[in-house]
Structures are given as C-alpha cells and as structure tokens.
Amino acid sequence: MSSTLRCIACDARHEPREVRYRCARCDDLLEVAHDLDRIGREHGGGDALRELFEARLGSRERPYHSGVWRYHEVILPDLPLGDVVSKPEGNTSLYRVEAIERAFDAAELHIKHEGENPTLSFKDRGMTAGVSWAKHLGMARVACASTGDTSAALAAYAAGVDGLDAAVLLPRGKISPEQLAQALAYGATTLAVDGDFDVCMRLVRELSAAHPVYLLNSMNPFRIEGQKAIGLEVIQQLGWRVPDWFVIPVGNAGNVSALGKGLIEAKALGLIDRLPRIAAIQAEAADPFHRSFLGGFRERVTVTARPTAASAIRIGAPVSHDKARRVIERFEGSVVRAVGEDELLEAKTIADRGGVAVCPNSGVALAGLRRLRTEGVIGRAESVVVIATAHGAKFSQVADHGEAANRPRPVAAELDAIVAALGL
Ligand SMILES: *Cc1c(COP(=O)(O)O)cnc(C)c1O
Ligand SMILES: [Zn+2]
C-alpha cells in the first residue's frame, strides 16, 4: 500500500479500505496520505514523473486519456485500474483572451474552464475518484447532499456502474433547473428536502452513519484526490510553470483544499519547484470562511447562508474549513475575500462577452481577481489562473447583468425587418 487515511488534526492513521469519513480518535477530517518518498523512488523522481505525464497527454489509452487518471500514480496509486469509473473527465481548456485580460487589467490571465467536464462542472474530477473507490469497496449505494453540481456528477458516475444506486439530497427550490434535470436524467433517486444545503449535509451524514450508504460529499477524502488533478493539469498546461496566483471560488471548501494538497505534493515530488499564492473567494451572502479569515482563523465562523446568484456556494458551514484554513496558512501570501452580487454578475458577464461562458460561482472568483487587482494585492504583471468551476449553461436563469444586458429583439419574419434591426 502506498497510502493511508490520516487525520489532519491528530495524525492518527486508518486503513484506507475502511469506510470512514472522520478520525476514530478525535473526529476531525481525514485525508489520503501518500508515501511520496516511495512514489518518487518507484517512478524515478520528478523529471521522470513529468515525462510519464507528458507521454500520456493526447493518449487514447483508457484510463490515462482522462485528465484525472493521467496522474494515477499521484492520485490513488492503490486503486486497481480495473475499478476506475471514468467518462473520461478533465482535459479542460485553459483560456487566455486578450479582451478579458484587458477588462481585468491583468497581463497574464488564464481561465481554467472546469465547465468543460462531462456534467459541466469540476465535480466530475472528484466523483470519478469517489465512485471508483466505492466500486473498489463493493458498495451498493452512494449518496450526497448537493447545491446542484455534486448531485449531477454523482448521478452521472453511478449511472455507469452495475449494482450501484445513487441517492441525492437537494435543498428544494435552491438549485438551478438544469442541475436538477441532470440528476433526474441520470436516474438518481432525487430527494428535494425542505431545508438549505447545510440541513441536507447534516441529514446525509446521519444517513451514512446509520446505514450502508457510502457518502460522496467532499468530506470523503477520496473525492479530494480526484479534484487535485485540476492544479496538476494547469501546471502541465503551462509547461510545468507555476503561476503566481490561483483564484478559486469557495463554498464547502473542498476544492481549495484539493488544489492546495495537490500542489504541496507536486512540490514534494519535484514536479514543481515553488508554491503559488491562492486567493479564495466567497459571495458576501455566504461568507463564513472569509469571516474566519478576517478573525485570523482564531475561530471557525458559521453563518446562515443567504440567497445568491452563486447558488453552488450558498453554504454557511463549510465542511472542509480546517483543510482550507491550513492551505491558506501554508501558501504564504494567500488571501480570502468576499464579493457582492453586482460584482460577481459583472465579472461573469465580462467572461461571457469574451467568449468564455462561465457560471455565477466562477463570477465570484473573477470578481475576487478584480478586487485584488484594485487593492494591488495581485500585481498587473503577475500570472493568474482563475478556476471557473462550472459552465454558464447550467445557470441559464441567472440573468444578464444591468444595462449591458443582451435580450432577444422581436422581429417580423421579413428580410426588410431584419436588415432594419441590424441597422444596415
Ligand atoms: C461545488 C462548487 C463550488 C464550490 O466548491 P467547494 O469545494 O464546495 O468549495 C464552486 N462552484 C461550483 C460551480 C460548484 O459546483
Ligand atoms: Zn484525529
């Protein structure tokens, strides 16, 4: 075995094949701890690993054609490839658009578009790892609470596995119709709960504690391993160059934890030689992590999350708070900010108009970039990668913003009318 389950607080080790989400000794979060020395030794060090990952780029060989399983050796080395459930996922574009760079006054801005995954959000990366592990363990039922994208991904990945049933708990009326349609189409048992996400999260934890139901929220440490691949793939796309900044939206804080874990391991393995800074951005309507940051992380703040266009991050008690806090503290110079509704919608519109259709949650990250540029925390010449977490098409009800809003113009079915409408 190359990996164990390690408690992030007391360092207690657990057997990775045990179904467990929290430390038996102190009840804190667990992470998959890899034997990095051994992995490095077995594969000949950082240079050889880079070469291996480069050789797989563009490969048609399953599952190495996936943007997650290309990195199998550093994701879940103990998972037999025969248990991998892959669509494939990942291999998402890293966009660089001059008009968008100009709008954000940033000399080198890349948008990593995780909306290009099979269910149109980054959750597929975590779910290919989580569902593969569920299959490996021989589970018959998987479940999650969701603000919409986790449920779509869980439903999609479970749908491909014989004998695996998926159940999803959704806060009724608080997710987009497109996200709901996904869970239904993939055939998951879809429970619309009369409560918010945090209530759904509590219920699904109680459910999985008392019944043989495998929990696939991001407190499941195996999901984090798949999500690590976002950072690795960005670095590979940049020719193994580390950008100055990653900017990422934060809800339950699993993704920022995964980004940090992947980069720390990449440095330990010699894949990269330095760490970037990380800017974790929340919506003001659901800003507990930001509040904790403002208090120097002396206490863990929770809030009752209010409605926001960034509905995927409407979370008042982030489950992965402790992991995310460690990332912000470990990556020197990292910051947390919260942005308002107008700011996030305006930022989303800028990306959309630049031809990169992102979701409002990604708008939060872009608005965070704008704020940090204005503050001078991020310099104009610094290289920035913004993680766009889902596709704009999943959130069609989030209206175009303000006076610049683009609307369909009714026109008669006559060439003259069309010519006149075009001002020709
Ligand atoms: C889940 C999700 C997030 C937040 O990720 P966390 O890991 O919960 O912090 C952001 N954007 C979108 C679109 C999501 O689906
Ligand atoms: Zn512990």
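Counting starts at 1 for both ligands and their atoms, following the listed order. Just so it is clear, the values below take in all heavy atoms, side chains as well, and ignore hydrogens, waters and symmetry mates.
When heavy-atom distances to ligand 1 are checked against a 4.0 Å cut-off, Ile313 comes that close only through its side chain, counted from C-beta outward. Counting heavy atoms under 4.0 Å from ligand 1, residue Lys123 touches it through the side chain alone. Heavy atoms of Asn255 found under 4.0 angstrom from ligand 1 belong to the backbone as well as the side chain. Of the heavy atoms in Ser121, none comes closer than 4.0 Å to ligand 1.
Residue contacts with ligand 1: Ala390 is placed with no nitrogen or oxygen under 3.5 Å of a nitrogen or oxygen of the ligand (distance criterion only). Looking at ligand 1, you won't find any N or O of Phe395 less than 3.5 Å from one of its N or O atoms. In terms of polar-atom proximity, Thr389 is counted as a contact of ligand 1, with an N or O under 3.5 Å from an N or O of the ligand. Note: no N/O pair closer than 3.5 Å links Asn361 and ligand 1 by distance alone.
Across Tyr157, Tyr214, Phe222, a single residue satisfies ring-ring contact (aromatic ring centres under 6.0 Å, His included) together with Trp133, and that is Phe222.
Stacking of Arg277 on the aromatic ring of Phe331 is not recorded, the 6.0 Å distance cut-off and the 45° axial limit not both being met.
Contact analysis leaves Ser218 out of contact with ligand 1, as no non-hydrogen atom separation drops below 4.0 angstrom.
Listed by number with element, the atoms of ligand 1 under 4.0 Å from a non-hydrogen atom of Ala312 are 12 (C), 13 (C), 14 (C), 15 (O). The distance from ligand 1 to the heavy atoms of Gly254 drops below 4.0 Å at these ligand atoms: 6 (P), 7 (O), 9 (O). The ligand atoms of ligand 1 that sit less than 4.0 angstrom from a heavy atom of Asp149 are 12 (C), 13 (C), 14 (C), 15 (O). Those atoms of ligand 1 with a heavy atom of Asn252 less than 4.0 angstrom away are 6 (P), 8 (O), 9 (O).
In summary, Glu343 and Arg337 do not engage in a salt bridge, as defined by a charged side-chain N under 4.0 Å from a carboxylate O. The existence of a salt bridge linking Glu265 and Lys261 is confirmed by a sub-4.0 Å separation between a basic side-chain nitrogen and an acidic carboxylate oxygen. Salt bridge absent: Lys123 and Asp149 never bring a charged side-chain N and a carboxylate O closer than 4.0 Å.
Interatomic distance, Ser362 OG to Ile281 CD1, rounded to the nearest 0.5 Å: 12.5 Å. Note that NZ of Lys228 and CD1 of Ile264 are 11.0 Å apart. Values are rounded to the nearest 0.5 Å. With rounding to the nearest 0.5 Å, the separation of OH in Tyr21 from CE in Met219 is 8.5 Å.
Looking at Thr308 and Glu341, their side chains do bring a donor and an acceptor atom within 3.5 Å of each other. Using modelled atom types, one finds no donor on one side chain facing an acceptor on the other under 3.5 Å when comparing Arg353 with Asn406. If you check the side chains of Thr389 and Glu114, you find no donor sitting under 3.5 Å from an acceptor.
The closest side-chain heavy-atom distance from Phe293 to Arg325 is not below 4.5 Å.
More than 12 heavy-atom neighbours from other residues, nucleotides or ligands sit within 6.0 angstrom of CD on Glu375.
Ranking the protein heavy atoms by distance from atom 5 (O) of ligand 1 puts Phe122 CZ, 3.5 Å first.
Protein N/O/S atoms closer to the Zn ion (ligand 2) than 2.8 Å number 4 in this structure.
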